[in-house]
Amino acid sequence: MCGIVGLLVKQPALRGQLGALMVPMLVGMTERGPDSAGLAVYTEPVQDAQHKLSLYCGKHELDWSALLTSLAADLAAVHEISAMANHAVLTSAADPEAVVAWLAEHTPSVAVLSVGRSIDLYKDVGAPAEIAERYQFRKLRGSHLVGHTRMATESAVTPAHAHPFTAGRDFCLVHNGSLSNPHLVRKKLEPLGIEFETDNDTEAACRFFEWRLREGDDLKTAVHRGFSELDGFFTFLMGTDTELLVTRDAFACKPAIVAETDDYVAIASEFRSLAHLPDIAHATLFEPKPEEIYSWRI
Amino acid sequence: MANLSNTRQFDLAKQSVRQLNDFLHKNAAAERVTHIRVEHPDGAHSLACGLNAPLEVQIHGHVGYYVAGMNKLAAVTVHGNAGPGAAENMMSGRVHIRGFASTAAGASAHGGLLVIDGDASLRCGISLKGADIVVGGSVGSFSAFMAQAGRIVICGDAEDALGDSLYEAVIYVRGKVRSLGADARFEPMTDRDLVDVAQLLSLAGLSHKPSEFRRIASAKSLYHWHADANQEY
């Protein structure tokens, strides 16, 4: 079992409240996912020449400013770092692939959770409320976000197995359910040069969709293809820098409910994560139908 | 509502589900309370589950999983939407969902009446064992799957595989059926069917004409094992 939450604010004036609106949504899904939690938030994009990398150092003590100094010595470009406990967002004008390679060589204990121009990503093991507090989720600003609370059923409880999963740039996926053919998907993708970081089923779906996006599909087309390629139970919620999308398997095995007003669209596994939202009594409420694709743009 | 002495209110913003259910199970009868009003359910699970007395419970708001599960004798009304498994395994009494119901509404229910004013999601009435279900809107796929006894009245449409592997339950549908499940078939409406549908619609407070409904029941071709069918059902 797991819980998913998604929120997109339609009015730019509400972007400052994104985190505050979301925290009760995430904490409301604690019973569905008490072992790990995470979220990806989409902020204003950084300048054209820059990228952001969300970094995670786990239980290791890390001097983020020393990391920045070493990086700047090796890669001549403007770099900035904003640290939050064992996470940090590195903004850099260098080629992100070069930064990822440098990190792998010089600080192998640091995991790169996301790369893009809008996405910031936080995830760890622990209770959702604890994680929301540790990373000050209530202060997050942005246009939309994708969150998850995990109760592991098919692979280990580690920070790397927590959701959201990312692949490529500014793309992330969370999943409630389980896939029965993640190894077949992986066998298909690995010969194409696509590397996996975990044995988690959701990672296979994430890399599948991102591969299709790189091959030229738009997100809806990629998801349609997923209906025939991915076998199992799922409610998938995914984000790009401009879009939030939710879909359920053909049997609607895993729950989802959407609340939409003029101000926001909110998605959760259950209504109890939506009950606190402003003007919820007048929101349009519906459950996504099986194998239908629902998406919203910022 | 009844007079104050036999009425009790619960506010789930301040009180727990355990307090509510404990009262409904144990103290309501002793305190001669028959009418219970519940505020701020906010999607909570298992509200008014396992009741075994002729109580009237009015829940104002949306509820989560398993509302009024295993209900006996009580009348439970949800003035909102219900999560998965509403009135699951109901034995008797009446459960009324004024909004829409999520998956598996009325699953395995043995008796009583479940009324859903809005739509019901997939698997409505799965493994039904004798209860009656009236859905004012439409139902999702695999509704009435392996339903053994009871009646389901669908005023709107049905998605795929309606009545798959039906036993003795009967379905009445007014709208379109995207597909029937294995061994389910349309049958002519008899006078008895028209009377039954009229009675169920009346109990649900709906005014459709019984003649607008079509009957679906089991062709019973799966009742016996046919060695020469080569498992091609």
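Below, chain A is the first sequence line, B the second, and so on; all start at residue 1. Just so it is clear, the model here is predicted, and its values are computed rather than measured.
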Next on the checklist: Is it the case that the ring center of B:F142 lies less than 6.0 angstrom away from the ring center of A:F251?
Outcome noted: yes

Next on the checklist: I'd like to know if A:K220 pairs up with A:E292 as an ion pair, taking the criterion as any Lys NZ or Arg NE/NH1/NH2 lying under 4.0 Å from an Asp or Glu carboxylate oxygen.
Outcome noted: no

Next on the checklist: What part of A:A250 gets within 4.5 angstrom of chain B, counting heavy atoms only: side chain, backbone, both, or neither?
Outcome noted: backbone

Checklist entry - What residue, out of B:S141, B:S102, B:G83, B:P84, has the most heavy-atom pairs lying under 4.5 Å from chain A? => result B:S102

Checklist entry - Do the charged groups of B:R18 and B:D22 touch, with an N to O distance under 4.0 Å? => result no

Item to check | Under 4.5 Å from a heavy atom of chain A, the part of B:H40 involved | outcome: neither

Checklist entry - Under a 4.5 Å heavy-atom cut-off, does chain B meet the side chain of A:L285, its backbone, both or neither? => result both

Item to check | Interatomic distance, A:T202 atom OG1 to A:R150 atom CZ [nearest 0.5 angstrom] | outcome: 7.5 Å

Item to check | Closest-packed option against chain A by number of heavy-atom pairs under 4.5 Å, given B:N81, B:V63, B:L122, B:T103 | outcome: B:L122

Checklist entry - Is A:K123 close enough and on-axis enough to A:F165, meaning under 6.0 Å and within 45°, for cation-pi? => result yes

